[in-house]
Amino acid sequence: MAQLSEFLAVLEAALPADALLTDTADLRTYECDGLTGRRVVPAAVCLPESTEEVQAVVRACAAHRVPFVARGAGTGLSGGALPVAEGVVISLARMNRVLDVDLYSQRITVQPGVTNLQVTEAVAAHHLYYAPDPSSQQVCTIGGNVAENSGGAHCLKYGFTVNHVTGLTVVLPDGERIALGGASLESPGPDVIGVFVGSEGTLGIATEITLRLLPRPAAVVTQLAAFDSTDEAGAAVSAIVAARILPSAMEIMDRLTIEAAEAAVNAGYPEDSGAILIVELDGVAAQVEEDLAALDRICREHGAWEIRTAADAAERALLWKGRKSAFGAMGRVSQSYYVQDGVVPRTKLPQVLRRIAELEQEYGLRVGNVFHAGDGNLHPLVLYDEHVAGESERARELADAILVACIDAGGSLTGEHGIGTDKACAMPLMFGRDDLDVMQRLRRAFDPAGLANPGKLFPTPRLCGEVPGPYRQHPLERAGLAERL
Ligand SMILES: Cc1cc2nc3c(=O)[nH]c(=O)nc-3n(C[C@H](O)[C@H](O)[C@H](O)COP(=O)(O)OP(=O)(O)OC[C@H]3O[C@@H](n4cnc5c(N)ncnc54)[C@H](O)[C@@H]3O)c2cc1C
């Protein structure tokens, strides 16, 4: 206790008056992120406003060997910002300033607490925008996007966050400040920005981020096609790609998700359809027009019985509003739901969707499907009632079985929501011991003391139950590469 009060006194001295929270009621605000089933109240929360203040907090953590967890808006769905009980949450919410806009180079430099949408808003008057667009873009922060390598509907054509970050200022876990990259797309040497983006807060804290901006395309068209089944809609997606059309987005929603979205935002989706496909084309007007004609033909050939092209920007926004509200809308049809995030090769979409339908029957639970079809990135929403005994456990098992189906189909554990605490134990489904060893070694190069967001991303032997029976030391621990938490 004496040590904790000494540590808190150091933090108090390093931060402005209202930037250190230790009252339990205040701390509870930070006890979870979007994965609300897991909650831990931290020892303290710091709200720094500058890189120097972040450095001061991280240095104090290093000196007292206190773990720390960076936090943006807390919208993460994999428990990445879940606190450590004896640790500190470093909230970047007050670091929310745009630092520089370079129109000539089409770059913007922001603090990590700026939201995704604010980046586009800051340059909209210049007909520029920031391409990666998570559905949570109104609230999620650029710092969180960088840590999770976030995606969004338009990443099909424009790439994920990692393709848009050109420079970073990072506070390493010992408090040192480093600069990576700058305004140019390429820098010599290993791609350390590529290593940091997607590292889920385990390598340090990003305090300044330079991003690429893109010119607004001359023409944009959004089309909705209604099908009887996700099989037909999925086959249309494969045919669109085979026809060498590259839409900026291709999203599928199934009947249950359409029902929920309609109840929440009344987007005008045909409610009697088994699936809808939303496709957006952008670019030069003549090319968009040509692709639109081909798109129309392909969708009809694959069973589309209603095709609607948004007449104007307002109708386009409404079509997207339904899709982007889909997760939240599920609250209309179910007490609780778990959002799974897995990837399959695009051609395996129908096979995996059929497996999900089988699993619904096996587990007696409903699953809504909404997904980035062009990327093969599924987001099954497993519905359950937490007040019914055993149902949340069954939902969890069903969600895990979906992940296994994705891996069996040659896919991946996550498309964009990250591993966090949620899927750390699933990492061995995809990676062998040698792979995990290499990842741990890389992490230790940045964070030898293991203080930055411990317990995330990597399986820990005890918590993942890899070794049944009494606890025995895992080979990774014996080698000093993993810690028991
Ligand atoms: C309704 C809804 C829709 C969503 N849709 C999408 C989607 O379409 N695509 C998508 O990719 N995700 C989506 N998400 C997930 C989530 O919004 C993203 O993962 C987002 O990037 C998290 O940002 P955040 O600011 O909330 O980060 P947090 O949840 O606060 O943190 C996420 C991770 O980032 C780390 N972190 C935060 N800031 C920093 C920093 N400055 N430096 C280092 N590490 C840091 C944290 O430690 C944690 O590990 C959705 C979530 C919700 C609730």
Side-chain angles (χ1 to χ4, degrees), residues 30 32-36 42 45 48 51 54 58 67-84 87-96 110-118 132-156 160-162 165 168-173 196-209 249 251 264 320 323-331 337 339 341 343 370-372 375 377 379 381 414-422 424 446-447 452-457:
Y30 298 86
C32 69
D33 60 7
L35 188 74
T36 52
V45 173
T51 298
V54 173
V58 172
F68 61 88
V69 178
R71 181 181 171 106
T75 65
L77 293 167
S78 56
L82 185 75
V84 175
V88 171
V89 168
I90 302 179
S91 164
L92 286 314
R94 290 188 185 170
M95 293 183 67
N96 58 2
V110 298
Q111 288 188 311
V114 168
T115 68
N116 175 294
L117 196 59
Q118 281 166 348
D133 59 339
S135 302
S136 51
Q137 68 187 144
Q138 292 185 4
V139 282
C140 69
T141 67
I142 290 297
N145 290 182
V146 167
E148 300 287 1
N149 189 20
S150 294
H154 291 80
C155 292
L156 172 63
F160 281 61
T161 303
V162 70
V165 178
L168 287 173
T169 297
V170 171
V171 173
L172 293 174
F196 191 88
V197 177
S199 60
E200 302 192 14
T202 61
L203 303 183
I205 300 184
T207 59
E208 289 181 20
I209 299 157
E251 303 283 305
W320 279 117
R323 163 60 187 92
K324 296 206 171 194
S325 316
F327 291 0
M330 270 298 160
Y337 62 93
V339 184
D341 165 44
V343 184
V370 50
F371 48 99
H372 306 309
D375 297 314
N377 184 188
H379 288 317
L381 303 161
T414 171
E416 53 186 15
H417 296 169
I419 298 294
T421 40
D422 193 33
F446 283 79
D447 183 19
N453 215 4
K456 317 293 163 64
L457 202 51

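Both ligands and their constituent atoms are indexed starting at 1 by order of listing.
For the atom pair OG1 of Thr115 and CG of Asn145, the computed distance is 9.0 Å after rounding to the nearest 0.5 Å.
For residues 133-156, the set of pairs meeting the salt bridge (Lys or Arg N to Asp or Glu O under 4.0 Å) definition, not counting sequence neighbours, comprises Asp133-Lys324.
Protein residues with a heavy atom under 4.0 Å from ligand 1 are Ala70, Arg71, Gly72, Ala73, Gly74, Thr75, Gly76, Leu77, Gly80, Ala81, Leu92, Pro112, Pro134, Ser135, Ser136, Cys140, Thr141, Gly143, Gly144, Asn145, Ala147, Glu148, Ser150, Gly151, Glu200, Gly201, Gly204, Ile205, Ala206, Phe327, Glu416, His417, Asn453.
With sequence neighbours excluded, the residues forming a ring pair (Phe, Tyr, Trp, His ring centres under 6.0 Å) with His372 are His379, listed by chain and number. In this structure Leu77 satisfies the side chain to side chain contact (heavy atoms under 4.5 Å, CB included) test together with Phe327, Val339, His417, sequence neighbours excluded.
A salt bridge links Arg323 and Glu251; the closest N-O separation between the charged side-chain nitrogens and carboxylate oxygens is under 4.0 Å.
In this structure, a donor-acceptor pair under 3.5 Å is absent between the side chains of Asn453 and Thr202.
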